[in-house]
Visitor: 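Before I ask anything, let me first share the structure, which is written out below as C-alpha cells.
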Amino acid sequence: MIGVGRTKQHVNVVDRPLGKGKVEVSLSAFSFLFSELVQYSQTRVDNIAELERRLEDAGAGVGLRTLELLCHREKGNRRETRLLGILSFVHSTVWKCLFGKVADSLEKGTEHEDEYMISEKELLVNRFISVPKDMGAFNCGAFVAGVVKGVLDGAGFPARVTAHFVAVEGQARPRTTILIKFAEEVLQREARLG
Amino acid sequence: MEPEASIESARMIRVAVVAVGNIPSAQLRDYVALVLRHRVVSLECARLFYKEHQKSPFAQQSWDTGSLCFKFLVGGAPRSPWEDFQANRKCLGVIGLMHCPTTPDIGAAYDHFMAICRAYPSAQEKRCFALYPTDGQVELDEKKRQHLVMFPPDRQMLEYHLQTLMQDFAASLLMAFESWVLHAEPVGAILTTPLDSQASLNSEEVSKAKKRRLGRVQKTIGDYCLLAGSPVDANAHYSTAIDLARLTGDLLWHAGAIEGSVSALVVDRGGLKDPQLEEEVRYRYLEVIQLYHRKTALSFELEATLKLARFLCRKELAGQVVELLMGAVEGSKTLMDASDRLVLNVEVARIFGALGYERKAAFYARQVAQLYQQQDSCWAAMSALQVLTLTAKSYRIQSKAAFSARTNTLMELLHEKDEPSRDSRGQYSSLEVGADGQWSTLQMDILGDMLAAAVRAGDPLSAWSAAARLVRGHYPLITPSAQFGLATALVTAAERLPPGTRCSDPALPFVRLHSYPRLPPELEVVKRFPGKKEWWVGASSVGPFIYTPFTSKGNESENSAEVIWVVGEPVQVLVDLSNPCAFEVYVESICLSVESGEIEAFPVSVVLPPNTSQVLSLSGLPLSVGSLVVRGCIVQCFGVVTEHLFEEAGELVSGVAISDPFRSVGGPRVSQSVAAVVEVMPPLPLLVAEVVGGEGAVVLYEGEIREMHIRLANAGVVPVLEATMTLTGKHKEHVLSLGHDILTAALPLFPGASVVVPVKLKAGQPTTEVEVVGSKGAGVNNVKPAKDPACPMLVIYYAGPPMETRDMKTKAVISPSLPPGRRLALPLQLHVLRGLYLQQARLLSMEVPAQISRYLPDPGACKSEATSPTSTLVKIDPYRGSWGLLLLELELWNATDVLFEITVTVNKGKESVDEELADDGMVNDSLYPSTRIDQNHSARVLIPLERFKLPGLEKAFLARSLAKKYGLTKHDSKARESSERQAKSELNATIEELSSRISVKWHSGRNSAGELPIKDAIREALQASAIEILLPDPLTFGFRLARDCRPSYGDKVKLSEDAVDEQPKSEDSEHVTVTNQGNNDSIVAQELTPIEMLVRNNTREAVTMSLSVTCRDVTGASCLGSSGAKATVLWAGALNGVDVEVPALGEVVHGFALCFLVPGQYTLLGAAVINDPDESLGPNSNLQYPESEPEPLYYSGPPYTVNVTGIS
Amino acid sequence: MASTACFVIVGRNDCPIYESEVGTAPKKDEATHLHQFILHAALDIVQDVVWTTNGMFLKVVDKYNELLVSVYVTAGHTRLMLLHDSRNEDGIRNFFQEVHELYIKLLLNPLYVPGSRITSPFFDTRVRALARKYL
Amino acid sequence: MPPNSRPGDAVFANVERVNAELFTLTYGAIVRQLLTDFEEVDEVNKQLDTMGYNIGIRLIDDFLAKANITRCSDFRETAETIAKVGFKMFLGVTGSVANWNADGTECSLILDDNPLVDFVELPETCQGLYYCNILCGVIRGALEMVSMRTEVKFVKDILRGDDAYEMRLKLLEQVPEEYPYKDDD
Amino acid sequence: MASIYNLFVINKSGGLIFYKDYGSTGRLDTNDSLRLASLWHSMHAISIQLSPTLGCTGIEVLEADTFDLHCFQSLTGTKLFVASEPGAAGVTALLKTIYELYADYVLKNPFYEVEMPIRCELFELNLLQAIRKDKYSVGNR
C-alpha cells in the first residue's frame, strides 16, 4: 500500500553489517537528546549525586559498547592490557570516534600515583549547557565520565571516574577534566606485569 | 606417594604417635595437640640432653641456628617400601600416649605399646608417655620398662615436662643418627628399593651393585645429615653421592641424591626464597624429574613435580606451576594405585588453591570426590562430602555455615589465598548483572553429588542443606518429578534429625519483605519538633537547594517513610511468601527475625500450594529501644529451622539465571527498596477515647445545643504530660467549645487514669438531608456512623515525659530529650437533622381602635402587670390612638418524629439587662407561653414588635416622614443621601440588634433543647417594612380625661420620662378612684368635661408648634368653632393656636374642657402646625431654596373616639 | 569437524551467557557437565594469561586429558571459550573472530544488558552454522 | 513544495554534525533507563512520546533558525518539509510522505532507515515497545509550536517486522496564524 | 560605543524573558523593561491589525530620529528586538544570528525552562561576542 520507498525486509542485527562509524547526525539532534536525558534524569532523583550517578550509568553503557566496537573496528582486535595503553585508547580512539576529535590532554595526577586526568576545553556534551549557580559544581560531563568508566571497567581497569570544572586563567569558561582514579588491584597488576 | 610432599619434607623426622591402652578420644586429641607443638626442636635445646660419645660425623652442624623437624604420624602409618631410598620415609621414632586414669593396668598397656612398636622396625627411639598416673601406678612401676615415662599429674608441669622430654627425645634421635652414620660409613649397609631387580646377579652386575652401594650410602648419609639438621654436611655427602650415582648410572638414587641436595640447599637457606634459588631449584628438579622419568618411577616423578610446583607456587610463576601440575595430572592417568591417584589430585587441588586458582582447585577437588565416591564406603562418602564442601565456594553454592566455620586445612588454603583473586573479580559497572546464579549445570551437579554423598555418609543435616540449596537455587531447571524427589529428600533427612534442628541454608518458601503496614492511627507516633509550641507540625522538608530542579518522587508508599515502633506495642509486618515449585510447601512455623534489637515474634503456620505466592502478616512485640532491622524470617519448614533473609530473595529477583520466584507465580512486583531500619521508641502514653454515654454517633436537631462528654483514658504505661486538643475536618462550627482547661487540669494523666472532657455542641446546618427522610419512624439511630469525613475531628496531640537516655542507640536516633508524641483523632460523628423547618416569616399588622379614657395605658405597663402575659405582649404606645400592632409571624413545620415545644424569648436590650438579673433571669423565657408542635404539624408563632420602637429620631426623620406624608420633595438630594445613609445604617443596626434579641428556643420530645437559627429569616422579614416598625411618628397626640374634675387651664410641660416614672403610682391611686366612681371612661352629656391633650415630640430637638383641637360628630361635621351655628359642643380653654414648644423627646399637656350637649359618639382630633420647618429640615435647606419663605408643616394625630352618654 | 566441542561465552563477571554443545559426538549429560567443569576451571588460567598478550585469541590455554581449551577474549573481557579435541587453530581462530563480530552486534543492542544471557535464536543458529563451517 | 528535490541536503551539509553512533548509543541508554524505571512497555512508549514532545517544542526554533525554509502554505507542505528537510537536517536521513487521506489532514511519514535503531533488536521482554516513539513526540511538539495540533503515532516499525518506519501524522486543528512570517529579507 | 543599545526577548505570550543593555544610554530597570516588552508585544500585534493589506508580519523596523528599533518574530511567536543607533545596518542579520544563539544556548540547555526568563551564561557570552563582531562589521560599512 505504501506508495514510495522500496520495501525493505527486517534483518536481524546479527545479519546486519557493522557500521564503519562514518554516519553522522546533526549536533543539534544529539544536543537536544542529551538535554532531554538530563532533564528526565532530574525528575527521577532528588540530589546532585544521584543525578550524576544516573548520567554516569547512561554513559557507562555507551562506554562499554564503544570499547568492544572500537577495539574490533579501529584496533583490529587488539586488546589493551596496559594502563597507559588503555588510557591513550580512551584519550584518542574513543574520543575521536565519539566526539570527532582527540581529547585536549591526558595527564598523570601529580600527587596520586593512581590518578589520571583527561581534559577537554569544551566537552561536546557541555557545548550548549550553562549550569545554574545553585547546582554547585555539577557537570554534565558526568555522562562522559561514565563513558570513560565504561571503557575502563570493560577493559578490566576498574576505576572511579568523575568530571570536574577546572578554571583556566585567561579563559572565560572553565574546562572540564575527567578524573580517573584506578582501583589498586589495577596498579598491583601493572606492577606484576612490570 | 606422599600427601603434602614438599622439598623440605626431606628433613622431616618421621615419628609415629600412637594411643596406648584405653584412652578417651578427647584426651587423645588433647595430648596429640600437646605433642604436635613440638614439630620443631632447636638444636640448642636438644643439646642440653646431647652427650657426645664419639666425634660427631655432623661436622658442620650449626648448634645455635639449626633444628630438628618432626613429622608426627598420628595413629601411625604402614611401613613404606621406600624407606631405604629416602630416610625421611623411615619411621624413626614412636611415641605412645597412655592415659593412666582410664588405663588401670599399665603393664598390659606397656606391652601393647611394645607390640605396636614392632610394626616400626626402623624406629630408633621409643617413648611411652603415661599421663596422670595414680600414686599406685607410680610405685608399682618397675625398672624393666625402659621406654615408659611417668608424668607428674599436674597440667602446666605436664606441658613443661613434655617439652623437656621432647627435647630429650630429639637429642637421643640425633645421637642415634650419629651412630647410624658412623656405622654406615665403613661397612655400607644394604640399601635396596623395590626397583632393584632381585634376580640373581651375574658377576659384573654384582660389582656394579657394589659400586652403586657406595653412592647409595653417601646419599643415605646425606639424608641423615639433613634429618640431623646439618644441611651443609648433607650437601657434601649428596654431591659425592650424585657423582657416584652418575658414574654407576644408578638413576633412581641419582635423582634421589639431587633431590636431597636441593632440599639441603633450601633448608640451608632457612626457607627464604629468591629468584636465583627458585631458578636453581627448578633447573635441578627438572633433572630429577627427568631421571625418575627415565627410571619410569612414575610416582616419584609426579611427587617430584608436585614438590617443585609447591615450591614455585607464586602468582608470578603461575604459568610454570600450572604447566607442572598439568603435566602431573597428565602423568597420573597411567598411575596404578588408586590411592596414589587420590593423593595426586588432592595435592594438585591444594597447590592450585595455594596459587589462587580456586576454580582449578575446585575442579580437582571434585575429581577427588569422585574418586572417593567410586569406593563405596561410608568413610569415603564422608571424605567425598568434605571435599565437595570445599569446592562449594568456588562454584558459589556455599552453605552459609561455611562462612563462619573454616575447619579444614584445604579450606584455609583456599581462603587465605583468596583475597587477591576476590577483588580482581570485584566491582562491575552497575548496569551489568551481578555474579550469582550462573554455571547452574555445575552447581546442580555438585549439589547433587553432595546430596548423594551426604546421604551415603549418613549426614542428614548436610543432605538437607544440599537439597535445600539445590531446590532453592535451581528450581526452574529442575523437572517437577525431580522437585518432588528433592522434597522427599528434605523430609527423609529431617526425619533423621532431632526436632528443631537449625540449618543455615534456607529451603522454601521464598520470603520477601512486602511492607510495613501503617499503625492504626491512634497508635501512630508523631515526631516532636522541639521548641515549637505545636510540636506536631513538622518542619517542612526542603530539598538540598533553594531553587531545586529536582522533583522528588515523594514518598507515596509508606515503605519509604520511616517506620517507628514503640516498645511493648504489637507491630505487624507484611511478607511475601512464594512457592514456585511443583510440590506443596507446609510451613510449620514462620516468624520475624530482627537484627540489633529484640522482638518477641509470634510464629504462624501456613500452607503454600504448588506455584503460589501469598502475602502474610507477621506480628511481633518490640522489646528494646533503639533501631532494629527486620532482616528476615525464622522459618521451620521440612522439619528444619532456617532463617530466610529478605535480601537473599532480593538477590534472586535481581539475578538473571534464576527467574524471579515471585514473578513466576504471578506474585506482585514490589521495589526491593524496603529494607527499612525501624526505630523503636521507648514506651509512650496511649490515650483511648470514648464518648460518655451512648454509641459513637451523636444525632442532633438543627440548632440543638448539647454538651457531650468524652472520656480520655491513658492505656499506656507512662503518664501523659502534655496534651492539646484541636478541631479539624469539616463542620467545625458544630462545636461550640472544648474543655481545654479541664484536660490541662487533669495532666499529668497517669497510666490507668482517665479524664472526662466536655465538648459543647451546637448543631448548625443539617449534615445530611437524607437522614431526615430515612429516619421517618425508623428512628435516627440508623444513620450510618462515622465514615463520612464531614464530621469534625477532635484531634488530641499528647506526649509523655522526656525519656531518660538509657541506651546509646536511641540517642543516635532522636534527640534523647524528646520522645515522640501521639495523635488521638476522635471523629465527633455529629449528624444534624432538620428539626423544625421555618416555612415562612412575615409581618402582620392589626389595628386596635383607641378610646379616650381616664388614663393612658403606659409604656412601663409590661412590668407592673406582668401577671397577665397577653397584655405584656403588647406594649401600648400611649399616644397612638389606633394600635397599629405589628406582629412577626413565624410558621414552623415539625419534620421529625418527636414533638417540639417552642418558646419565643425576647432579650430586652441593654437597658433591661440589670433587672433581668434582678429577677431570676427566667424573665425572658417565661415571657411568652410556649407553643407545642406535634410531628408533621406546623404551627405559627407570633412575635409582637411594638416594643421595639426606637426611643427617638432626628428631626430630619420627622421632616422626611412628613415629607413622605405630604409628598414634599424639597430636599437637597445630597443632604438626604447622607442622612439616609446614616439612617439606613442605624436602621440595619437596630434591625440586627432586634433580630438577635428575638430567639426561638425549643425542647424536643427527646429531651433535647436548642435554638432555631432563624435570625436571617427574621431579619429579612423585618427589612421590608423596617420604617413602620421601628420609627415612631415624629409627633404623637393623645387625649385623656383630666384627673381631677376641676379642669386645669393653661399648659404644664413636663418631660415624658417623669411621666413614665410617675405614672405607676398615680395610676394605682387613679384606679381606686375610677373603681369607686363605678363607671369608667363614659362621659356624661351636658357636663363640662376636662380633657387633656398630650403632645409628644419624638424627635431629638425641641419643636415649637401651635396646637389645635377639633371635635367632630358622627357625621364628621365639626362641632366646634363655627360660632354662628348652633353649637352642639361648648368648650372652655384654648382649642386653637396654642403655641407650645415641645422639648426633644418631651411632651406637653394642654388642658381644656368640653361640654357635649348631645349624647353620641364624637371624635377628637389633635393637630399641630410647625412654624419654622427649616430648622427642623436641617441647616442647609434654605441654602437650597433661598427665596422660598418657610411654609408651615401641618401635622395631625389619630382620631380619638369619645362616647357621650346622656343623663339617665 | 571436531567430534567434541563445547562452546561457552563467559561474561566479564565470569558467568556463562551462552552455552552450546557444538560437535558431532552424541550429547551425553555428564559429558556436557564435565565439559563445563573443565571450562569453568580454565577461567583461572585465562584470568592470568589474558594480561600476557594483547591479542584476543589466546590459543589453547588449558587441557584436560585429550580435551583442549581454546579461548578468545574480547576487549570487554567477554571470553569465548571452546573445548575441543582436535587441534585446528586457524579454524578456531576464524570461528572465534566471526562469533566475536556477532557478539559485538548483539552487545551494541541497547536493549541487551551486558553480562546477561544471550537468548537470541538468530545468534544461536549463526553460531552453530559457524561451528559447522570452521570446526 | 520546496523547489529542489532534496532541499534537506544543503541544510544538513551546513549544520554541525556528530558521529551517529554516539547519538544512537545515547538514545539506547535512555531507552534502557526508561525500561528499568517503568517496567511496563506501554509506560515507556508514553514516556518516550512525552520526552519527544519536550524536545519538539524546543527543537522547532532550532529548525526555523537554521533551515532556511519559507513558511509552509499548507499542511501538505508542512509534512513534506518535515520529511525532506526536518529528518534530513537532524537525523541525516530523508523520509517520504504518503497515504494522504481525502481531505489532506492525515498522512504517513515514512522512514526506511533511521539512525536511532542501528543495532537494535527487540528481545521478548520488550515486545510492544515502539523504540523510536520519541520521534512522534518531537513532531507533535514542534508542530504545536507553530500552532498545529496534531496526533502522531507509529503504525509500522521495522523492529517489529514491518517493512518500514511509518508514522501516522494527523492534523487535529490548525490555529489560524495571524502572524504570517517572512524569513527572506 | 556599540551600535546596539539593548536587546529584548519576548516569549509568545508577551512576557519578557531576556533583557540586556549594551549602550551606556537608555538603561532600563526591570519593571520598565517588563512593561515596555508587553507594550511592544501588543503594539506589534496592533501594527498587524493596522495593516491594510493581508500577510503583514508586524513592525520590523521602527525608525526614530534618535534610534532604530528592529524587531524579529519567529514562527513560534518568540520576538527579539533591539534598539540600535539610527541607520545601523545589518541589524536584521544580527537578529537572525541572535535567534540562532537562542536556539543553541537557551533551548538546548537542559536547565532552561521553556517560556521562562533566560539565565544562561553561555547565551550571554555568545551574544556579547556576536554583538561586538557585528559592531565592527557595522563600523566597516
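Treat the numbers as computed from the prediction; the structure is a model and nothing was measured. In what follows, every chain begins at residue 1, and chains take the letters A, B, ... in the order their sequences are listed.
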Visitor: Do other residues, nucleotides or ligands put more than 12 heavy atoms under 6.0 Å from D:Lys170 NZ?
Guide: no

Visitor: Please name the pair of heavy atoms, one in A:Gly61 and one in D:Arg32, separated by the smallest distance, quoted to 0.1 Å.
Guide: CA-NH2, 3.7 Å

Visitor: If you draw a 6.0 Å radius around CD in A:Glu111, do more than 12 non-hydrogen atoms from other residues or ligands fall strictly inside?
Guide: yes

Visitor: Where is the tightest heavy-atom contact between A:Ala58 and D:Ala29, given as atom of each residue plus distance?
Guide: O-CB, 3.7 Å

Visitor: How about A:Lys181: does its NZ atom have over 12 heavy atoms from other parts shown lying under 6.0 Å from it?
Guide: yes

Visitor: Counting heavy-atom pairs closer than 4.5 Å to chain A, which one of D:Thr50, D:Leu25, D:Leu111, D:Val138 comes out on top?
Guide: D:Leu25

Visitor: A side-chain contact here means heavy atoms from C-beta on lying under 4.5 Å apart; do A:Leu33 and D:Ile134 qualify?
Guide: yes

Visitor: Supply the atom-to-atom distance D:Asp37 CG to A:Ser41 OG, rounded to the nearest 0.5 angstrom.
Guide: 8.5 Å

Visitor: Looking at D:Gln33 and A:Tyr40, what are the two nearest heavy atoms and their distance?
Guide: CG-CE2, 4.3 Å

Visitor: Is the number of heavy atoms from other residues, nucleotides or ligands within 6.0 Å of CD (A:Glu113) greater than 12?
Guide: no

Visitor: Going by the angle between their ring planes, with limits at 30° and 60°, are D:Phe90 and A:Phe32 parallel, tilted or perpendicular?
Guide: perpendicular

Visitor: State, to 0.1 Å, how close A:Ser26 and D:Met89 come at their nearest heavy-atom pair, and which atoms those are.
Guide: CB-O, 3.0 Å

Visitor: Among D:Leu59, D:Leu34, D:Asn54, D:Asp62, which has the most heavy-atom pairs under 4.5 Å with chain A?
Guide: D:Leu59

Visitor: Considering residues, nucleotides and ligands other than A:Arg160, do more than 12 of their heavy atoms fall under 6.0 Å from its CZ?
Guide: no

Visitor: If you compare all heavy atoms of D:Asn19 against all heavy atoms of A:Val23, which two are closest, and at what distance to 0.1 Å?
Guide: OD1-O, 3.6 Å

Visitor: Which one wins on heavy-atom pair count under 4.5 Å against chain A: D:Phe63, D:Phe12, D:Phe23?
Guide: D:Phe23

Visitor: Distance from A:Phe34 atom CZ to D:Ile55 atom CD1, nearest 0.5 Å?
Guide: 12.5 Å

Visitor: Could you grab the distance from atom CZ of D:Arg58 to atom CD of A:Glu36, nearest 0.5 Å is fine?
Guide: 7.5 Å

Visitor: Around atom NZ of A:Lys108, are there more than 12 heavy atoms of other residues, nucleotides or ligands at under 6.0 Å?
Guide: yes

Visitor: Kindly indicate whether the side chain of D:Leu22, heavy atoms from C-beta on, has any atom under 4.5 Å from the side chain of A:Phe30.
Guide: yes

